[in-house]
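Working notes, structure below.
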Amino acid sequence: MSKMNVPNQLTVARIILTPIFLAIFLSNIKFASISFNTSIKIIYILYYLCYLLLVRIFIKGRRKIKIIISLLFLVLVVCWNNLITINIYDEIYFIDLPMGEATLIKSAFDRCNILIDTGENQGDDLELFLKKKGIKRLDYIYITHSDSDHNGKLQMLIENFKVKNVVLNKYDTITKRLVQYTKYKNNLIMVKRGDIINYRDIYVKILLPDVDTKDTNNNSLVLYIKAFNSSLLLTGDIESSQESKLANLEKKIKVNFFKVPHHGSLTSSTHNLLKVLEYDYAICMSGYKNIFGFPNKNVVKRYDKNKIYLTSEKNTIIFRKLSYKKELKYKI
């Protein structure tokens with residue numbers, strides 16, 4: 001072997017092995033992990049090409065150039081990894097999942113991230129969605145009830161994101177045991193009718209349940225939320241009996257956004273509730289792989305056809321506004 005070939009081979013080995021060893025080292029340091037807020041693979045390719053260029057400059061470049069390029073690369077990575085902190089939009093997402101439902105309320109500049117329900121524990125739709133939005137921290141996760149199409153991804157979220165608070169209905173012992181199984185160390189909050197949770201500029205009032213109905217669907221949390229100068233009513237999977245109780249307790253319900261109960265099934269969206277309800281938008285999340293025929297066509301007809309939005313037709317439904325404006329608007 002020629003001596004002239006040895007330096008070249010060493011150079012190639014350094015270029016190939018350095019990023020591998022560095023990636024292994026950084027993967028064990030939580031704050032040093034890098035997540036890309038995109039699913040576009042070309043971004044990953046460009047990142048590694050930039051990294052290889054940096055390695056080459058380190059091997060052959062001058063000291064001053066090494067310092068400048070290193071600083072520029074570091075700034076680029078930090079900015080890219082924290083794009084959410086410069087996001088200027090307040091947003092509400094009614095997420096289209098294979099099974100079940102999840103709603104994300106996200107403040108501008110990463111001030112507050114609240115997730116209501118998680119969908120079924122299948123596929124990676126929810127995890128990819130949150131990562132694509134740059135979310136690493138969830139200030140609150142509300143689980144309306146213990147059916148797996150509402151709490152199925154809770155364990156994954158606790159293990160892969162910084163979850164500060166988990167909120168359950170007072171009678172949900174199943175999800176409570178699941179949270180304890182994950183050895184979750186932050187706040188676990190059990191709530192019922194009348195309880196109020198304020199965080200940043202998000203106000204949440206619990207309207208139901210008030211007693212244990214002995215039924216998981218009817219024990220669903222019903223949440224009245226004020227966020228971004230708008231109001232929401234999220235209803236979990238309540239059925240006719242709880243809808244009647246809600247109507248009797250509240251008398252008149254006026255909100256901007258109404259989440260259609262129980263995925264638009266025949267057991268919900270009854271006359272007793274709809275006669276006291278006034279809404280700008282009704283959103284029905286059915287799960288694009290659901291096996292129950294949700295939403296029922298007759299139920300959809302009970303709503304104003306100009307005000308109801310189905311994830312089965314629109315996919316994930318987004319309402320967004322600039323942080324300094326007042327009105328959330330539908331974004332296709």
Side-chain angles (χ1 to χ4, degrees), residues 33 35 37 39 92-106 113-191 215-221 223 234-239 259-265 267-268 283-295 310-312 315-317:
S33 62
S35 61
N37 309 333
S39 58
I92 299 173
Y93 294 89
F94 295 90
I95 305 170
D96 187 30
L97 297 175
M99 295 281 285
E101 57 189 44
T103 303
L104 176 67
I105 300 173
K106 184 169 77 71
N113 300 310
I114 294 176
L115 184 71
I116 299 93
D117 287 332
T118 74
E120 186 70 73
N121 186 23
Q122 60 175 248
D124 54 5
D125 296 59
L126 182 63
E127 184 176 5
L128 290 177
F129 178 88
L130 294 175
K131 287 184 176 180
K132 186 175 179 180
K133 299 302 173 186
I135 292 174
K136 303 173 187 177
R137 183 197 77 254
L138 290 165
D139 299 291
Y140 284 85
I141 297 178
Y142 288 80
I143 301 296
T144 58
H145 63 295
S146 61
D147 286 358
S148 62
D149 61 334
H150 289 257
N151 76 357
K153 284 285 186 179
L154 181 58
Q155 182 174 346
M156 178 279 293
L157 292 169
I158 289 172
E159 291 173 352
N160 292 280
F161 294 81
K162 182 180 180 181
V163 178
K164 296 171 69 175
N165 300 277
V166 175
V167 183
L168 313 177
N169 78 66
K170 186 178 179 180
Y171 313 106
D172 186 355
T173 56
I174 295 173
T175 309
K176 183 179 180 181
R177 286 197 296 271
L178 173 64
V179 173
Q180 291 168 339
Y181 171 78
T182 64
K183 298 181 180 179
Y184 173 71
K185 295 179 181 179
N186 292 330
N187 294 329
L188 175 61
I189 306 168
M190 310 296 289
V191 295
D215 176 82
T216 57
N217 283 342
N218 282 318
N219 274 346
S220 290
L221 289 176
L223 307 174
L234 305 182
T235 54
D237 279 358
I238 62 170
E239 298 178 317
K259 202 283 296 182
V260 173
H262 203 179
H263 317 289
S265 79
T267 59
S268 302
I283 295 94
C284 183
M285 293 186 284
S286 53
Y288 64 81
K289 286 186 179 179
N290 86 81
I291 59 175
F292 304 104
F294 298 144
L310 313 178
T311 56
S312 57
N315 305 120
T316 293
I317 294 169

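Numbers here simply count residues along the sequence, with the first being 1. Just the heavy atoms: all of them, side chains too, but no hydrogens, waters or symmetry mates, feed the values below.
- Separation of atoms CG (Asn217) and OG1 (Thr235) is listed at 11.0 Å; rounding is to 0.5 Å.
- Atom NZ of Lys164 sits in a crowded spot, with more than 12 heavy atoms from other residues, nucleotides or ligands closer than 6.0 Å.
- Residues Phe94 and Ile116 have side chains not in contact (no heavy-atom distance under 4.5 Å, counting atoms from C-beta outward).
- Annotation: side chain to side chain donor-acceptor pair (under 3.5 Å) contacts of Tyr184 (sequence neighbours excluded): none.
- Here the side chains of Leu115 and Leu126 are in contact, with some heavy-atom distance below 4.5 Å.
- Each of Thr216, Asp215, Asp237, Asn169 was evaluated against His145; a single residue qualifies, Asp237, per the side chain to side chain donor-acceptor pair (under 3.5 Å) test.
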Query raised in the report: Given Leu168 and Val191, is the side-chain contact (heavy atoms from CB on, under 4.5 Å) satisfied, shown in steps?
Result: CA-CA 6 Å; Leu168 313 177; Val191 295; over 6 Å; no

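- Summarising the geometry, atom NZ belonging to Lys153 is positioned 13.5 Å from atom CD1 belonging to Ile158; distances are rounded to the nearest 0.5 Å.
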Query raised in the report: Please walk me through it: do Ser148 and Glu120 pass side chain to side chain donor-acceptor pair (under 3.5 Å)?
Result: CA-CA 5 Å; Ser148 62; Glu120 186 70 73; 2.9 Å; yes

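- What you find for Leu157 and Ile141 is that their closest heavy atoms are CD1-CD1, 3.8 Å.
- The closest donor-acceptor contact from the side chain of Asp96 to the backbone of Ser312 lies at 3.5 Å or more, if one exists at all.
- Judged purely by atom type and a 3.5 angstrom limit, Asn290 uses its side chain to pair as donor or acceptor with the backbone of Gly293.
- Between the side chain of Asp139 and the backbone N or O of Asn165 there is no donor-acceptor pair closer than 3.5 Å.
- Contact between Leu104 and Leu138 at its shortest, heavy atoms only, is CD1-CD2, 4.5 Å.
- Between Tyr93 and Thr103 there is no side-chain heavy-atom pair separated by less than 4.5 Å.
- In this structure, the side chain of Asp117 does not engage the main chain of Gly119 through any donor-acceptor pair within 3.5 Å.
- Note that CG of Asp149 and CD of Gln122 are 10.0 Å apart. Values are rounded to the nearest 0.5 Å.
- Put simply, the side chain of Gln155 reaches to within 4.5 Å of the side chain of Tyr181, judged on heavy atoms.
- With sequence neighbours excluded, the residues that form a side chain to side chain donor-acceptor pair (under 3.5 Å) with Ser265 are His262, Thr267.
- Between the side chains of Asp172 and Thr175, a donor-acceptor pair is found at a separation under 3.5 Å.
- Side-chain contact between Glu101 and His150 is present, with heavy atoms from C-beta onward closer than 4.5 Å.
- How far NE2 of His263 is from CE of Met99: 8.5 Å, rounded to the nearest 0.5 Å.
- Heavy atoms only, all atoms of each residue included: Ser286 and Thr311 are closest at N-OG1, 3.5 Å.
- The two atoms that bring Thr182 and Val179 nearest to each other are OG1-O, 2.6 Å, heavy atoms only.
- Side chains of Thr118 and Ile143 form a contact here, defined as non-hydrogen atoms less than 4.5 Å apart.
- Annotation: the span from Ser146 atom OG to Tyr171 atom OH amounts to 14.5 Å, rounded to 0.5 Å.
- Here the shortest heavy-atom pairing between Leu234 and Lys259 reads CD2-CB, 3.5 Å.
- The closest donor-acceptor contact from the side chain of Thr316 to the backbone of Ile95 lies at 3.5 Å or more, if one exists at all.
- The shortest non-hydrogen separation linking Lys106 to Ile135 is CD-CD1, 3.6 Å.
- The closest donor-acceptor contact from the side chain of Asn113 to the backbone of Arg137 lies under 3.5 Å.
- For the pair Val260 and Met285, the minimum side-chain heavy-atom distance is 4.5 Å or more.
- Taking the side chain as every heavy atom from C-beta outward, Phe161 and Leu130 approach each other to under 4.5 Å.
- A donor-acceptor distance shorter than 3.5 angstrom exists from the side chain of Asn218 to the backbone of Glu239, with no hydrogens or angles considered.
- Summarising the geometry, atom CG belonging to Leu310 is positioned 7.0 Å from atom CD1 belonging to Ile317; distances are rounded to the nearest 0.5 Å.
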